Amino acid sequence: MIIAPMNLSIFHGSRCRVNTLAHLWSGSLHSWTRRHITTSKLHDPKVPGIGGGNTKKWTRRPITTKTEGSINTPQTSKLSSIRHEVLDETISATSSSLSIGKTEISQFQKLQYCEVQKEESYESLANLLTIICFDIETTGFSRDSDCVIEIALQVLRGGKNSTFQTLVNPNKFVPNTKVHGITSNMVNRRDVPRMKDLIPILLQYVSSHQMPGGKVLLVAHNARTFDVPFLISEFSRCSIEVPSDWLFLDTLPLARELMKIEGSKKASQKDLMEHFQIKREGDAHRAESDVKGLTLILRRLTFDLKLSTLDLLERSFSASDLINQKKKKKPS
């Protein structure tokens, strides 16, 4: 709060007028007394007063006011000092407020710029993104002891050589033939490639469909907990790292999101095929048949959930994300 200085000029003016009137009244009275006492030659000290009573000798006394000498008093100096301090603090606070305001504006502008840059970066990435659906069949559920025995890929945008499928030689017995129909005799053959021979072919195939400077989004149903961990294990056994420009998307969370809206908890690939009335091509639980069905499912999921390519990118993950997540879960 700013304290306004007292208007001492009013009091100063009043003081001057009071003193002037005092001198005027005193001079008139002395003049009147001297004139009338002298001419009347009164020796009695008591003289008739103005009020009709007797009065004693008139005495001149100086008249003062409460504001006498208040202009230069220490109190006024103190008030003036307080006023300057308050004004200085107010100016300082205002300057600080302005400084903070400028900082906040600057930070907001930087944040806005970063968001714009991020959005532009995502848009550029989306325009250069190659989406490939894939599916694998394995000898079991253990990533450490089981192996991939079939893999299939299909490029979403189609085109020449947009589908890739092959059996994989695990060099071991296949115990779960009833699940996918693949027997040991079908895969344990010399003309069926082993994973160490297949990985370079896979890398070449994906690279041939990848746009220059772009990334690849590999999509699978239950990718996070099954397909991608198996790929990471197979690559690791061959001492090859999964390319850093390979991103992965799991359609299972998308399916659950949509089916929840539809009032159903079923979200398997078979359930989605029935929900979207998609006719299966080939045998169930075979990689090529499943990947063709997944390609159609992905189109329907993204349409019904109103998901753009940018949305898919935001939901994607990398192989290193899963590897780091696994390391954190291990007890130290």
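Computed from a predicted model, the values in this text were never measured in an experiment.
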Residues Asp290, Arg280: salt bridge by 4.0 Å N-O rule: yes
Are Glu257 and Arg315 within salt-bridge range, i.e. N to O under 4.0 Å? yes
Hey, is CZ on Arg190 packed in by over 12 heavy atoms from elsewhere, all under 6.0 Å? no
Hey, what do you get for CZ (Arg256) to CG (Leu252), rounding to the nearest 0.5 Å? 4.0 Å
Counting distance only, does the side-chain N/O of Ser264 pair as donor-acceptor with the main-chain N or O of Lys260 below 3.5 Å? no
Any chance you could measure Thr183, atom OG1, to Phe173, atom CZ, to the nearest 0.5 Å? 9.5 Å
Sidechain-backbone polar pair: Asp146 side chain, Phe230 backbone, donor-acceptor under 3.5 Å: no
Would the distance check show the side chain of Thr302 and the main-chain N or O of Leu307 forming a donor-acceptor pair, the cut-off being under 3.5 Å? no
Can you tell me how the ring of Phe164 sits relative to the ring of Tyr205, calling it parallel under 30°, perpendicular over 60° and tilted otherwise? tilted
For the CG atom of Leu296 and the CG atom of Leu272, what is their distance to the nearest 0.5 Å? 12.0 Å
Can you tell me how far CD1 of Ile201 sits from CE of Met195, rounded to the nearest 0.5 angstrom? 11.0 Å
The reported gap from OG in Ser289 to CD in Gln165 (rounded to nearest 0.5 angstrom) is 11.0 Å
Given Asp271 and His275, is the side-chain hydrogen bond (donor to acceptor under 3.5 Å, both in side chains) satisfied, shown in steps? CA-CA 6 Å; Asp271 296 325; His275 176 74; over 6 Å; no
Close side-chain approach of Ile151 to Leu202, heavy-atom, < 4.5 Å: yes
Between Thr130 (side chain) and Val216 (backbone), is there a donor-acceptor pair under 3.5 Å? no
Could you check whether atom NZ of Lys196 has more than 12 heavy atoms from other residues, nucleotides or ligands sitting under 6.0 Å from it? no
Test Leu218 against every option in Val228, Leu153, Leu249 by the side chain to side chain contact (heavy atoms under 4.5 Å, CB included) rule and name the one that passes. Leu153
Examine distances only and state if a side-chain atom of Asp250 and a backbone atom of Ala223 form a donor-acceptor pair shorter than 3.5 Å. yes
Under the salt bridge (charged side-chain N to carboxylate O under 4.0 Å, His left out) criterion, do Glu137 and Arg286 qualify, and how do the steps go? CA-CA 7 Å; Glu137 300 299 333; Arg286 287 300 300 266; over 6 Å; no
Going from OG1 on Thr251 to CZ on Arg300, what distance comes out if it is rounded to the nearest 0.5 angstrom? 14.5 Å
Residues Glu234, Arg237: salt bridge by 4.0 Å N-O rule: yes
Taking Asp304 for the side chain and Leu258 for the main chain, is one N or O donor matched with an acceptor at less than 3.5 Å? no
